[in-house]
A.B. asks: 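Have a look at this one.
Numbering of ligands and ligand atoms starts at 1, following listing order. Atoms considered below: every heavy atom in the structure, side chains included; atoms not considered: hydrogens, waters and symmetry mates.
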Amino acid sequence: MFAYRHAFHAGNHADVMKHITLLATLELMQRKDNPLLCIDTHAGAGLYALQSPLVRDKAEWPSGIGKLWDADESTMPTLVARYLQAIRPFNKSGRLAHYPGSPLLIQEMLRADDRLRAFEMHPSDIGPLQNCLKGLPRQVKAERKDGFQQLRALLPPPSRRGLILMDPPYEMRDDYRHVISALREGLSRFSTGVYLLWYPKIGRFQVDRLLRQIGSLGIQEVLHATLTVRGPLKDGLGLQGSGMVVINPPFGLRDALSESFAYLAKTLGQDARAGFKVMQGESPAEIKTALGIQSPSAVVSPTAKT
Ligand code: SAM
């Protein structure tokens, strides 16, 4: 169960697109004053040492944030530049040596009345997570609990405003099923919450089924963003790209992501199959189209507008 360690993947193309989507969503939600509850159901270890001997040889960050770190921020979409600015305080020397995961990025953005609850099951990752989040004891809590099951206890938040990030490892096929039951449970308690779900572009069958099941949850509005960095390898292994589903996306997210994902597809793309898609839907028909349920997901070329 605990074969997955995020340390190897920290800062890869999937983290880049996921964390850009997370930061943009949080920032747009914070345009309203009401306090926010943020829930990170699968938080990871918090902070990753990119040069550590444990990950060095297998590290994936060089083809992710490594391709952005030294680029000229003035030539980037604002959102990509702001993402890098969120990472730079963890690398004071200027050299990219540490990568902050989702709970740390959220913690850095919390306002005085916002809260973060983070969950992590791995026995080796929960300690480091609790250590790096302990700066804000009243606002932030990290626990070794099953994140899928915590939505029942935490939703709806008292302020009725919440962001829920679900980022399971999908190392076990059950994760796909658990995602749907957790979303169903969460939406039944808090239908107006903003839910961010990351998924890997690996097994076409599981992903298609996951998206179809999301489409049948009775949601009001969805944004679906994908970043593909390459075509499939001959052995069918490896991550071609990944997707983010945002249920109840805040206004302005689609435009912000479209510009950024176009840039990411060009900068992180590894072959001619690289591309992106950012689609949004409100009516049942639009939601199906956005999720690619009606027409199988066609990858948009890096230069095309969504
Ligand atoms: N969200 C993190 C980030 O963006 O920096 C990365 C999380 S990583 C993809 C998934 C994490 O979920 C792993 O650290 C794994 O140990 C943990 N995990 C697996 N099953 C879990 C569960 N049921 N509840 C909470 N954490 C779980």
Side-chain angles (χ1 to χ4, degrees), residues 1-26 38-50 54-55 58-61 64-65 83 86-87 90 98-109 116-133 140-154 163-183 185-186 194-202 206-207 210 225 227 239 241-246:
M1 177 183 177
F2 291 119
Y4 181 93
R5 302 300 302 278
H6 195 65
F8 297 103
H9 311 291
N12 70 0
H13 56 82
D15 260 9
V16 171
M17 66 83 94
K18 179 203 325 171
H19 294 153
I20 284 180
T21 308
L22 171 67
L23 293 179
T25 306
L26 194 46
C38 300
I39 303 175
D40 196 339
T41 61
H42 296 69
L47 186 65
Y48 303 93
L50 299 178
L54 173 73
V55 301
K58 291 189 188 165
E60 295 175 2
W61 63 266
I65 189 170
Y83 156 74
I87 314 285
F90 297 91
H98 294 97
Y99 189 81
S102 53
L104 216 43
L105 290 170
I106 296 173
Q107 174 176 264
E108 292 302 302
M109 285 187 71
L116 167 62
R117 299 289 299 270
F119 301 99
E120 170 55 48
M121 284 296 280
H122 201 291
S124 305
D125 285 347
I126 184 66
L129 175 67
Q130 287 171 330
N131 270 340
C132 69
L133 294 183
V140 177
K141 195 168 175 188
E143 295 167 275
R144 187 171 182 218
K145 287 186 178 166
D146 183 336
F148 283 127
Q149 291 179 8
Q150 297 311 307
L151 303 187
R152 184 187 292 260
L154 293 174
L163 176 154
I164 298 102
L165 173 65
M166 297 177 73
D167 181 23
Y170 299 94
E171 67 172 331
M172 291 181 302
R173 291 201 171 172
D174 275 358
D175 274 350
Y176 291 91
R177 194 165 49 78
H178 291 148
V179 160
I180 295 299
S181 4
L183 279 177
E185 175 77 36
V194 177
Y195 296 81
L196 284 83
L197 170 70
W198 179 87
Y199 71 82
K201 278 187 109 179
I202 297 182
Q206 280 103 319
V207 169
L210 181 78
L227 176 70
L239 195 62
S242 57
M244 285 294 284
V245 173
V246 185

A.B. asks: Atoms of ligand 1 less than 4.0 Å from Lys145 heavy atoms?
C.D. replies: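 Per the distance check, 24 (N), 25 (C).
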A.B. asks: Taking only non-hydrogen atoms of His19, do any sit less than 4.0 angstrom from ligand 1?
C.D. replies: yes
A.B. asks: State, yes or no, whether a side-chain contact exists between Leu210 and Leu197 at a heavy-atom distance under 4.5 Å.
C.D. replies: yes
A.B. asks: Show me, pair by pair, the donor-acceptor contacts under 3.5 angstrom made by side chains of residues 98-109, not counting sequence neighbours?
C.D. replies:
residue: Tyr99; atom: OH; partner: His19; partner atom: ND1; Å: 2.7
residue: Tyr99; atom: OH; partner: Tyr83; partner atom: OH; Å: 2.8
residue: Ser102; atom: OG; partner: Asp40; partner atom: OD2; Å: 2.7

A.B. asks: Measuring from atom 11 (C) of ligand 1, which candidate in His6, Glu120, Lys18, His178 has the nearest non-hydrogen atom?
C.D. replies: Glu120
A.B. asks: Specify side chain, backbone, both or neither for Ala45, according to which of its non-hydrogen atoms lie closer than 4.0 Å to ligand 1.
C.D. replies: neither
A.B. asks: Throw together a table of side-chain donor-acceptor distances under 3.5 angstrom for residues 11-18, partners on residues two or more places apart or in other chains.
C.D. replies:
residue: Asn12; atom: OD1; partner: Ala14; partner atom: N; Å: 3.1
residue: Asn12; atom: OD1; partner: Asp15; partner atom: N; Å: 2.9
residue: Asn12; atom: ND2; partner: His9; partner atom: O; Å: 3.4
residue: Asn12; atom: ND2; partner: Glu60; partner atom: OE1; Å: 2.7
residue: Asp15; atom: OD1; partner: His6; partner atom: NE2; Å: 3.1
residue: Asp15; atom: OD1; partner: Lys18; partner atom: NZ; Å: 2.7
residue: Asp15; atom: OD2; partner: His6; partner atom: NE2; Å: 2.9
residue: Asp15; atom: OD2; partner: Gly11; partner atom: N; Å: 3.0
residue: Lys18; atom: NZ; partner: Asp167; partner atom: OD2; Å: 2.6

A.B. asks: Which of the numbered atoms in ligand 1 are under 4.0 angstrom from any heavy atom belonging to Asp167?
C.D. replies: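 The atoms of ligand 1 under 4.0 Å from a heavy atom of Asp167 are 1 (N), 2 (C), 3 (C), 4 (O), 6 (C), 7 (C), 8 (S), 9 (C), 10 (C).
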A.B. asks: Does even one non-hydrogen atom of Leu104 get within less than 4.0 Å of ligand 1?
C.D. replies: no
A.B. asks: Can you list the atoms of ligand 1 that are under 4.0 Å from a heavy atom of Thr41?
C.D. replies: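 So the atoms of ligand 1 that pass are 24 (N), 25 (C), 26 (N).
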A.B. asks: Can you list the atoms of ligand 1 that are under 4.0 Å from a heavy atom of Pro169?
C.D. replies: 10 (C), 12 (O), 19 (C)
A.B. asks: Determine, considering heavy atoms only, which of Gln149, His42, His9 sits nearest to atom 12 (O) of ligand 1.
C.D. replies: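 Nearest heavy atom to atom 12 (O) of ligand 1 lies in His42.
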